[in-house]
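Working notes, structure below.
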Amino acid sequence: MATEPIVEARAIEKSYPQPDGTRIQVVGLMDFAIEPGKIIALLGASGCGKSTLLRILSGLAQPSSGALFWHGKPLGGESPNVAIVFQSFALFPWLTVLENVEAPLEARGVAAVERRKRALRMLDTVGLDGFETDYPKELSGGMKQRVGFARALVVEPEVLFMDEPFSALDVLTAENLRGELLELWLNKKMPTSAIFIVTHNIEEAVMLADRIVVLGRNPARIRADFNVRLSHPRDRKSGRFVELVDYIYKIMTEPDVEHALPDPESTGEIVVPPGGLKRGQAPVKASKYQILPHARVGGIAGLLELLHDRGGREDLFRLSEELVMDVEDLLPILEACQLLGFAWLKEGDVQLSRQGVRFADADIQARKVVFREAALEHVTILKQIDSILKRKSDHSINDEFFHDILDEHFSADEVQRQFDTATNWGRYAEIFDYDRESGRLVQTEVALTEAVPPEALQTELTPTPHSSEKQDSTPTPKS
């Protein structure tokens, strides 16, 4: 029997205005529902719009178009009964643990005796009995996040939103808190009907969630939405668990390929969003400009070396496990390797290309040559910079020029990240030097003397069919 959603978003999208009057779309047109009785995990690469979608669904931010419904009724000016646990703890340092947990109740006008009673009860629930008079500076990271849980749960939210709540913690503390959260949920010790958790950790999502949604990006769109039919407690080493993790890796690393869930009878089923993925009528534009993954050259080189040592091919899930890296950290490096033509992904495996092998085999200087060739062949912004610098009489230009170009396609924060990545790659490849103090990019001597087309070097105004004819017509100086 169908269950009425607690929160339902219909045809929402989020975009931001640009100076030229257009809008950059961050969240593409989509429908989304949060049902009671479920932990829903939202996965996606860094910068894909996960937190933006969370803020819209929780009522913290307004969509640019579309509507949000609470139990089937349009959400107006009133606040829905939700609470949020943040990554950064967000505690008031001047308040004690007990006062921090009481703060949201005080803001809602709850009487002092009642809020004290509820706060003490919730601190006991999350295992902080005895720490009521401590201040945040006296607590470990795990204890601070427990205070965050208690503060969110004390208002008895119908939906608990969590924005990467374990990412700021060490591995063991995070694992312990995940277990405690799941225990509270399964034993119905939490006064909440649904949990919506944003995460970049694939195993975390499969370990906790009843439903997993995977977002694509530029703009954010639903790539996969499925129920996890694995009973608790879940075994990380079980075949079904590993298959599901591997499936999500494929979805996130091969955004243009459709994948079917392995053995849907056991693991879940693909759920098409109501009405499918639609294209909006609003005057918005997705970024059509090539986006660089935020990976530095050192990370790219390290991954290529590792793959080369392993025979040039490795399973992506196994690789991330052995490197102890979340997908959030590994994906940009893999995307950079693909963009540069050094590797490709197929069926969950990453494999070196000939150029990747050539790079891994080369010495320090030869690697720069290989990287420069790849960058100038595949990376639009670096091709533009190289071309413009070669044609400028002083072979230099102010960085504002390229900021203006990128500003037409990305948000202000993303412009800076794109430019930082481009300068990291360009300087390593010796395409240009960059003086941050003066803000100027200058062509390197290596780039100036390298394979410049003859027509780009000709300065004569008289057209000459062939360079040999021009040479023959030049008078021979007398001795």
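The structure displayed is predicted, hence computed values, not measured ones.
With a 4.5 Å cut-off on side-chain heavy atoms, I12 and L29 do not count as touching. Taking 4.5 Å as the limit, some side-chain heavy atom of P104 sits within range of a side-chain heavy atom of V154. Using a 4.5 Å heavy-atom cutoff, the side chains of V97 and T133 are not in contact. Side-chain contact check for M190 versus L153: some heavy-atom pair is nearer than 4.5 Å. Contact of the W185 side chain with the T192 side chain is registered, since non-hydrogen atoms from C-beta on lie closer than 4.5 Å. Looking only at side-chain heavy atoms (C-beta outward), I84 and S58 come within less than 4.5 Å of each other. The shortest side-chain heavy-atom distance between V27 and P63 does not fall under the 4.5 Å cut-off. Residues I248 and M252 form a side-chain contact, since some pair of their non-hydrogen atoms from C-beta on lies under 4.5 Å apart.
Annotation: ring-ring contact (aromatic ring centres under 6.0 Å, His included) contacts of F196 (sequence neighbours excluded): F32, F161.
Between D225 and R211 there is a salt bridge, since a side-chain N of the basic residue sits under 4.0 Å from a carboxylate O of the acidic one. Remark: D349 engages R313 in a salt bridge, criterion side-chain N to carboxylate O under 4.0 Å. Using a cut-off of 4.0 Å between Lys/Arg side-chain N and Asp/Glu carboxylate O, K237 and E203 are scored as not salt-bridged. Under a 4.0 Å N-O distance rule, the pair R146/E180 qualifies as a salt bridge.
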message: Could you go through E175 and R236, starting from their C-alpha distance and side-chain angles, then the distance that decides it, and tell me whether this counts as salt bridge (charged side-chain N to carboxylate O under 4.0 Å, His left out)?
response: CA-CA 12 Å; E175 188 64 19; R236 293 176 188 273; 2.7 Å; yes
query: Hey, mind stepping through F419 and F402 against ring-ring contact (aromatic ring centres under 6.0 Å, His included) and telling me if it holds?
result: CA-CA 8 Å; F419 188 75; F402 297 101; 7.1 Å; no
CA sep, side-chain torsions, deciding dist, call: E204, T199, side chain to side chain donor-acceptor pair (under 3.5 Å): CA-CA 8 Å; E204 177 176 281; T199 179; 2.8 Å; yes
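Side-chain contact check for H71 and E8: no donor-acceptor pair (N or O, by modelled atom type) lies under 3.5 Å. For E13 and S65, the side-chain atoms include at least one donor-acceptor pair closer than 3.5 Å.
Cation-pi contact between R10 and F69: present, with separation from the ring centre below 6.0 Å and deviation from the ring axis of at most 45°.
For the pair P136 and N100, the tightest heavy-atom approach, listed with the atom from each and the gap, is CG-ND2, 3.9 Å.
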